[in-house]
Amino acid sequence: MGEAEDAEALQDELRRLVQADTPGPDLVTTVAGLDVAYDTDSDLVAGAVVVLAAPGWEVIASATAVGRASFPYIPGLLSFRELPPLLDAWEAVLSRLTTPPDLLVCDGHGIAHPRRFGLACHLGVTVDLPTIGVAKTQFVGEHSSPGQRRGERTAIILEGEPVGAALRTRDGVREVYISVGHRTNLDSACRWVLELCPRYRLPETTRSADQLSRTALAEARLAA
DNA sequence: GCGACAG
DNA sequence: ATCTTGTCGC
């Protein structure tokens with residue numbers, strides 16, 4: 001059995017641990033954003049985690065982790081490539097906080113995945129906190145085009161099941177793709193994403209984590 | 001078999 | 001993912 005087959009089998013096992021929602025009032029005061037940057041001509045990777053606080057989304061904590069890519073990019077197995085650097089950065093940022101973030105926003109999909117276990121699900125069951133996936137491009141399923149106004153959305157359907165939403169975060173911009181990761185629901189996910197997009201198409205968490213991971217990678221290249 | 005395919 | 005600043009268009 002190859003690495004890919006092992007990884008797929010693990011996804012089918014871990015999928016059982018995904019929880020649909022966290023009961024109780026969904027107060028969100030801090031949100032984490034996570035991203036990974038890759039070097040063009042080496043296996044250097046940099047994971048970054050930023051923590052933003054409502055309502056202004058200022059960065060209250062952040063951490064990065066530089067390492068070597070240990071798994072290739074294979075559609076459907078992205079989490080096996082990105083989780084190592086993300087978890088390293090996650091541990092670092094947790095040590096700088098007194099309270100864990102209320103929500104983690106991932107760059108990629110959650111259950112909108114061939115085996116219903118994308119990056120957001122894998123990260124969620126690993127840290128056991130609410131996670132959502134916010135992807136810039138579609139991966140699986142079909143959906144109609146949502147209206148051109150901010151907040152409009154359509155369902156992403158995979159094999160007859162709703163697995164996410166194509167959400168317009170700003171008037172007239174291309175939609176983003178939202179799906180549940182762990183311990184949350186699609187309505188809450190879309191609401192949080194809209195709050196995180198007061199000005200741009202992508203959530204402030206995504207923008208901030210993306211920028212931090214790139215600068216961390218650039219610094220690592222100089223040192224190496 | 002062929003093409004598509006998150007980041 | 002990555003190559004990359006200013007610039008064309010609404």
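All values reported here derive from a predicted model rather than from experimental measurement. Here is how names work: the chains are called A, B, and so on, in the same order as the sequence lines, proteins then strands, and each is numbered from 1.
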For A/A112, answer base if it contacts any base atom (sugar-phosphate contacts may also be present), sugar-phosphate if it contacts only those atoms, and nothing otherwise; contact means non-hydrogen atoms under 4.0 Å. nothing
Can you check the A/R115 CZ to B/dC5 P distance for me, whole Å? 17 Å
Rounded off to whole Å, could you give me the CG-to-P distance for the A/L78 and B/dA4 pair? 21 Å
Less than 5.5 Å between centroids and less than 30° between ring planes, does A/F139 satisfy that with B/dA6? yes
Measure from CZ on A/F80 to P on B/dA6 and round the result to the nearest Å. 17 Å
Polar side chain donor-acceptor pair, A/D21 to A/T184, under 3.5 angstrom: no
Selected nucleotide, minimal atom distance to A/R214 side chain, candidates B/dG7, B/dA6, C/dA1: C/dA1
Here's one to test your reading of the geometry: is the NZ or CZ of A/R207 within 45 degrees of the ring axis of A/Y200 and under 6.0 Å from its centre? yes
What is the distance, to the nearest angstrom, from the OH atom on A/Y38 to the C1' atom on C/dT2? 12 Å
Looking for any heavy atom pair under 4.0 Å, which part of the strands does A/I74 touch: base, sugar-phosphate only, or nothing? nothing
If you compare every side-chain N and O of A/T40 against the phosphate oxygens of C/dA1 (OP1, OP2), does one of them come in below 4.0 Å? no
Touch class at under 4.0 angstrom, heavy-atom based, for A/Y73 against every strand present: base
A/A37 has a side chain; which of B/dA6, B/dG7, C/dT2 sits nearest to it? C/dT2
Check ion pair A/D41-A/R221 (N to O, under 4.0 angstrom): yes
Using a cut-off of 4.0 Å on non-hydrogen atoms, how would the nucleic acid contact of A/D35 be classed: base, sugar-phosphate, or nothing? sugar-phosphate
May I ask you to verify if any side-chain N or O of A/K136 is less than 4.0 angstrom from the OP1 or OP2 atom of B/dG7? yes
Separation of B/dA6 atom C1' from A/L77 atom CG, nearest Å, is 11 Å
Donor-acceptor contact below 3.5 Å, side chain A/S42 vs main chain A/D39: no
A/Y177 aromatic ring stacked with six-membered ring of B/dA6, 5.5 Å and 30°: no
Sugar-phosphate, base or nothing in reach of A/G133, heavy atoms under 4.0 Å: nothing
What is the separation between atom CZ on A/F117 and atom C1' on B/dG7, rounded to the nearest whole Å? 17 Å
Give a yes-or-no answer on whether the side chains of A/E82 and A/Y38 include a donor-acceptor pair shorter than 3.5 Å. yes
Could you state the CD1-P distance from A/I178 to B/dA6, rounded to the nearest angstrom? 16 Å
Using atom CD of A/Q138 as one end and atom P of B/dC5 as the other, report the distance to the nearest whole Å. 8 Å
